[in-house]
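The analysis underlying the following values was restricted to heavy atoms, covering all of them including side chains, and did not include hydrogens, waters or symmetry mates. Fair warning: this is a prediction, and the values are worked out from it, not measured in the lab. Each chain gets a letter, A, B and so on, in the order its sequence line appears, and its residues count up from 1.
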Amino acid sequence: MIRVLLLGTILMVTSGCAVQRGYAWGSYEQNLYDHYRDPSKASEFSEKMFRDLTDAEASKRVPPGVYAEYGYLMLEAGKPRKAAYYFNKEKTLWPESSRFMDTLTQAAIKANSGQKTGDTQ
Amino acid sequence: MKRLLTAGLVITTITTLTACVAAPPARDYSAFNKAAPRSILVLPVVNKSLDVEAPSYFLSTVTTPFANRGFYIFPVNAVKSVMDLEGMADPDLAHRADPKILGELFGADAILYVTINRWDAKYALITTSVTVDFGYEIKDGRTGESLWKDKQMMVYSPQQNNSTGNPMADLLVMAVSAAITKAKPNYLPLTRIANGSVSLRVPEGPYIQKVMN
């Protein structure tokens, strides 16, 4: 009896009812707002996004949309191969993003073929 | 001793169980539940207020609560940029577009429409308060049907209410903080609170994150 109850309690607690850590958002909201407020600092924004993304990957709690946001910033920065790499990561982690990521990947491939020397991974 | 331990565990189990039960929904969610969307596309915000910064505050804080609620939220910044390129930079235009076409374009199960109806900052001598009124609607990205509608009205004061116990000192602190707030207002907490409470009135999505924010 005790063993069953103990097991049940442990299971419930560990299964995440009470303790689940959720997504690793980092400073996503503040970074995005700063970017809207001053769009001229695009490289600063992508550096902050990359730092948060690295932390999120380390904790395996990457939130939806973050790979895609970073990939899009890479596309805008003229790094289509890097962009495509992150679009694919988004698609793998979140199948819901498939159609949008396919569209963005097409755009990245097109941008890459337009460049004489592609960026490196 | 063994009996006591058993009783204790029974109580712990019951408490753990009850803590997990969500409050029963008071509204009709049948259309939403039938559609059971997994993903939500957030459209650019229609701003009916005079505050030009309001949409930026809003868009920056909409992803986190709705993603925590369990939905795949399309990357708002990438979506905004793509819509700009597609000639839908004007939020009114995007809101008037056929939801089915937008749903098809992005592969989105559902679309979130937000209108900032009111964003009034009242700058008094010492305190500043902002009254906001946001309208939210989620439409089905496949049928265009309205699945859920809500409103969020609130009054927000950026000042901190930390009393020192000395009325004169309090007044000084408030005056200083009001001056700072006027110089560089930060309304991220406002939209964070608004979006956070609204997201909890949407049925849970498949990736629900049980965390206390």
S.K.: Indicate the atoms forming the closest heavy-atom contact of Ser97(A) with Phe74(B), along with that distance.
M.R.: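 Shortest heavy-atom contact: CA-CE2, 4.5 Å.
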S.K.: In terms of heavy-atom proximity below 4.5 Å to chain A, should Ile40(B) be classed as side chain, backbone, both, or neither?
M.R.: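 When you check distances to chain A, no heavy atom of Ile40(B) falls under 4.5 Å.
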S.K.: Non-hydrogen atoms of chain A under 4.5 Å away: do they reach the side chain of Tyr72(B), the backbone, both or neither?
M.R.: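 Both parts, heavy atoms under 4.5 Å.
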S.K.: Counting C-beta onward and ignoring hydrogens, is there a side-chain heavy-atom pair between Arg37(A) and Tyr57(B) closer than 4.5 Å?
M.R.: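 Result yes, sub-4.5 Å side-chain heavy-atom pair found.
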S.K.: Write down the atom of Glu29(A), the atom of Leu188(B), and the distance for their closest heavy-atom approach.
M.R.: O-CD1, 4.4 Å
S.K.: Is there a side-chain contact between Tyr23(A) and Thr64(B) (heavy atoms, below 4.5 Å)?
M.R.: no
S.K.: Can you confirm whether Tyr33(A) sits close enough to Asn186(B) that some side-chain heavy atom of one is under 4.5 Å from a side-chain heavy atom of the other?
M.R.: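 No, side chains not in contact.
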S.K.: Tell me, side chain or backbone of Phe45(A) under 4.5 Å from chain B's heavy atoms, or both, or neither?
M.R.: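 Side chain of Phe45(A) only, per the 4.5 Å heavy-atom cut-off to chain B.
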S.K.: Hey, are the side chains of Leu105(B) and Thr103(A) touching, using non-hydrogen atoms and a 4.5 Å cut-off?
M.R.: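 With C-beta onward as the side chain, the pair stays apart.
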S.K.: Please classify the contact of Pro39(A) with chain B as side chain, backbone, both or neither, using a heavy-atom distance under 4.5 Å.
M.R.: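 Neither part, no heavy atoms under 4.5 Å.
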S.K.: Side chains of Phe100(A) and Leu41(B), heavy atoms from C-beta outward: is any pair under 4.5 Å?
M.R.: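 They are not in contact (no side-chain heavy atoms under 4.5 Å apart), so the answer is no.
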S.K.: Looking at every non-hydrogen atom in both residues, tell me the closest pair between Arg99(A) and Gly107(B) and how far apart they are.
M.R.: NH1-CA, 3.8 Å
S.K.: Can you tell if the side chain of Tyr72(A) reaches within under 4.5 Å of the side chain of Ser81(B), non-hydrogen atoms only?
M.R.: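 A side-chain contact under 4.5 Å exists here.
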S.K.: With a 4.5 Å cut-off on side-chain heavy atoms, are Glu69(A) and Val76(B) touching?
M.R.: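 Contact flag for Val76(B)/Glu69(A) side chains = yes.
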S.K.: Counting only heavy atoms closer than 4.5 Å, note whether Leu104(A) contacts chain B via side chain, backbone, both or neither.
M.R.: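 Only the side chain of Leu104(A) comes within 4.5 Å of chain B.
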S.K.: Indicate yes or no for a side-chain donor-acceptor contact from Glu96(A) to the backbone of Ala108(B) under 3.5 Å, with no hydrogens or angles considered.
M.R.: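 Checking the backbone N and O of Ala108(B) against the side chain of Glu96(A), no donor-acceptor pair under 3.5 Å is found.
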S.K.: Tell me, for Ile73(B) versus chain A, whether the close heavy atoms (under 4.5 Å) come from the side chain, the backbone, both or neither.
M.R.: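 Backbone only.
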S.K.: Do the non-hydrogen side-chain atoms of Asn77(B) and Leu32(A) ever get within less than 4.5 Å of each other?
M.R.: yes
S.K.: Can you say whether Tyr207(B) sits under 4.5 Å from chain A via the side chain, the backbone, both, or neither, judging by heavy atoms?
M.R.: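 Interface part for Tyr207(B): both.
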S.K.: Shortest non-hydrogen contact from Pro75(B) to Ala68(A)?
M.R.: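 Heavy atoms of Pro75(B) and Ala68(A) come nearest at CG-CB, 3.5 Å.
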S.K.: With a sphere of 6.0 Å drawn around CG of Leu50(B), does it hold more than 12 non-hydrogen atoms of other residues, nucleotides or ligands?
M.R.: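 12 or below, so no.
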